[in-house]
Amino acid sequence: MPATIVIGAQWGDEGKGKITDLLAERADVVCRFQGGNNAGHTIVRDGEEFKFHLIPSGILYEAKTCVIGNGVVIDPHILFGEIDALRARGIGADNLRVSANAHLIMPYHLLLDGAAERQLGKFKIGTTGRGIGPCYIDKVARVGVRVQDLLDEKILRRKVRVALDEKNQLLQLYDIGTLDPDQVTDEVLAYRERFEPHICDASLLVNKALDDGREVLFEGAQGTLLDIDFGTYPFVTSSNPIAGGACVGAGVGPTRIDNVVGVAKAYTTRVGEGPFPTELFDDAGAALCEVGQEFGTTTGRQRRCGWLDLVALRYAVRVSGITHLAITKLDVLTGLPVLKVCTRYKAGRKMHDEFPLLQTDFHHAKPVLEELPGWTDDLRHCEEWADLPETARDYVQFIADFTKTRVKFIAVGPGREETIVLPRSIGRGGAV
Ligand code: IMP
């Protein structure tokens with residue numbers, strides 16, 4: 001702190017919600033900067049479970065300002081659904097601010113997401129079907145609808161009409177029929193009054209907070225390998241989940257960022273299609289899935305599970321300048337006699353120590369695995385580094401040494417308190 005970015009260092013679902021929740025305790029402002037309701041963060045607080053898709057997890061703290069930055073895409077129906085659900089549990093959202101420049105997911109984006117996937121057939125991406133890609137497409141094509149357009153009905157009607165001139169042709173091509181521009185406009189306009197008290201200049205808000213010495217936490221969604229530029233393209237999402245995305249998606253300069261926390265599971269999971277070199281198809285994979293409860297928060301899909309990929313993790317450290325690692329779900333590995341970690345890839349006759357540049361190499365990559373001894377003790381009661389079994393400590397130390405990055409957090413259970421916060425983080429060869 002004062003400016004910390006939390007990002008996913010794998011394919012999303014690393015347990016960022018929990019680490020964000022922990023860091024949010026110290027923050028004055030919590031800001032999301034990319035993605036939309038394709039994300040799903042689960043937070044367990046005092047035994048109560050909260051699932052967020054769009055609202056920053058800091059909302060559970062009364063005194064914090066929560067911000068949805070310009071880089072986020074917002075489905076109004078989902079946003080206000082989440083606000084209503086929170087209200088029903090006695091939690092208000094008066095402290096939520098939404099960038100006037102954030103783009104809105106429109107009804108046609110949802111239809112086009114599904115249609116594009118059907119069109120791709122066996123080459124489909126396996127999207128969450130939430131309209132994320134088509135919304136970002138419109139943003140870049142400069143025909144998107146932004147939150148601020150709700151404040152000018154004339155402009156909004158014109159924008160929706162212009163967008164639907166093209167989309168309706170596409171929808172017809174996909175045999176979906178057409179949408180009526182006025183009806184679509186009325187549908188989103190219905191949210192204007194509810195949006196109004198939340199709309200703000202998010203960049204100004206965040207920068208002022210930093211000027212005043214307040215602590216700002218930037219909350220990433222998805223993960224490094226789903227990044228549109230640095231992920232396993234084309235099996236990626238349509239935004240930049242890497243740390244640089246926080247600058248663009250919140251309107252803050254890179255010189256203002258102090259720390260980047262990369263969250264990584266102690267193993268690897270992925271949902272959707274695309275290459276995954278350390279994927280397991282045996283009993284060990286099934287055990288990870290079952291013990292780790294690896295089912296998507298957003299779509300309920302079963303996640304693919306595999307060994308920890310350290311080549312990919314070191315790549316994540318590089319492209320985001322990760323200063324601290326948070327290793328989550330270490331407890332899930334308990335009981336596996338041998339743990340494997342990927343330290344290189346072999347593609348054909350080529351060996352790769354670094355994340356391959358070429359998509360084809362990564363698609364053909366076979367993991368070179370190193371074996372480490374497992375442990376049988378229950379980790380969930382461990383409160384400090386010293387409480388962990390020696391082999392668990394060796395496993396974490398191996399990650400720190402391989403990635404040359406300090407480990408600051410180790411999660412040993414789903415609850416907030418089941419996290420070891422290392423006073424002096426380990427890594428760069430130096431243990432606690
Ligand atoms: P989209 O973001 O819905 O367009 O989906 C693109 C790819 O990103 C698909 O493989 C999704 O499964 C994946 N994806 C999107 N959001 C998440 C997430 O929060 N966790 C894990 N995977 C995600």
Side-chain angles (χ1 to χ4, degrees), residues 6-20 32-43 51-57 71-75 78 82 103 105-106 109-120 122-140 219-242 245 249 262-265 267-276 279 289 292-306 309 312 316 328-329 359 362-363:
V6 181
I7 54 139
Q10 294 162 321
W11 273 290
D13 308 318
E14 298 92 349
K16 292 179 293 295
K18 179 180 151 126
I19 303 298
T20 306
R32 264 201 64 183
F33 56 88
Q34 47 72 230
N37 60 304
N38 47 350
H41 293 173
T42 307
I43 294 169
K51 286 184 195 291
F52 297 109
H53 295 287
L54 204 47
I55 295 183
S57 7
V72 176
V73 288
I74 302 172
D75 184 331
I78 301 295
E82 278 189 8
H103 280 246
I105 297 179
M106 304 293 282
H109 293 141
L110 290 159
L111 295 174
L112 288 169
D113 198 350
E117 284 283 88
R118 284 193 293 280
Q119 179 73 13
L120 284 169
K122 67 174 181 154
F123 301 112
K124 72 176 194 287
I125 290 156
T127 73
T128 58
R130 303 297 191 260
I132 308 294
C135 184
Y136 279 115
I137 290 174
D138 278 3
K139 173 177 177 173
V140 176
E219 176 180 356
Q222 290 84 46
T224 305
L225 299 172
L226 290 173
D227 187 278
I228 185 79
D229 287 280
F230 292 98
T232 50
Y233 193 90
F235 301 101
V236 293
T237 192
S238 302
S239 64
N240 287 111
I242 63 165
V263 186
K265 268 180 201 163
Y267 49 99
T268 310
T269 63
R270 159 160 224 182
V271 281
E273 309 301 318
F276 179 0
E279 185 167 11
C289 183
Q293 278 300 298
E294 295 298 352
F295 299 92
T297 316
T298 304
T299 57
R301 287 182 290 180
Q302 185 169 333
R303 297 177 185 141
R304 300 153 65 191
C305 295
D309 186 338
T328 60
K329 292 192 151 184
Q359 177 185 336
F362 192 64
H363 281 245

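Read the numbers this way: they start at 1 and go in the same order the structure lists the ligands and their atoms.
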Is the backbone of G35 close enough, under 3.5 Å, to the side chain of Y136 for a donor and an acceptor to pair up by distance? yes

Part of W11 within contact of ligand 1 (heavy atoms, under 4.0 Å): backbone

Does either side chain, that of T269 or that of D13, offer a donor lying less than 3.5 Å from an acceptor on the other one? no

Between the candidates I125, T128, D113, which shows the shortest non-hydrogen contact distance to atom 3 (O) of ligand 1? T128

Quick look: V236 vs ligand 1, heavy-atom contacts under 4.0 Å, and the answer is backbone

Per-atom contacts, ligand 1 versus G126 - under 4.0 Å to a heavy atom: 9 (C), 10 (O), 11 (C), 12 (O)

Please confirm whether the backbone N or O of L120 pairs with a side-chain atom of R118, one donor and one acceptor, at under 3.5 Å? no

Ignoring hydrogens, just give me the one of T269, T237, L226, T127 whose non-hydrogen atom is nearest atom 13 (C) of ligand 1. L226

Taking atom types as modelled, find out whether H103 and D138 have a side-chain donor-acceptor pair closer than 3.5 angstrom. no

Please report which non-hydrogen protein atom sits nearest to atom 17 (C) of ligand 1, along with the residue it belongs to and the distance in Å to one decimal place. Q222 CG, 3.5 Å

Check the pair R130, D75 against salt bridge (Lys or Arg N to Asp or Glu O under 4.0 Å), reporting the backbone distance first and the verdict last. CA-CA 9 Å; R130 303 297 191 260; D75 184 331; over 6 Å; no

Could you tell me, atom by atom, which parts of ligand 1 come under 4.0 Å of a heavy atom of R301? 11 (C), 12 (O)

If you count the atoms of ligand 1 from 1 in the order shown, which ones are under 4.0 Å from a heavy atom of A39? 19 (O)

Tell me whether the count of non-hydrogen atoms from other residues, nucleotides or ligands lying under 6.0 Å of CZ in F295 goes above 12. yes

Region of R130 that comes within reach of ligand 1 [heavy atoms, distance under 4.0 Å]: neither

Counting from 1, what ligand 1 atoms have a heavy atom of V271 closer than 4.0 Å? 10 (O), 12 (O), 21 (C), 22 (N)

Sidechain-backbone polar pair: E117 side chain, G126 backbone, donor-acceptor under 3.5 Å: yes

Minimal non-hydrogen separation, I132 against G36, with atom names: CD1-CA, 4.0 Å

N or O contact, D13 vs ligand 1, cut-off under 3.5 Å: yes

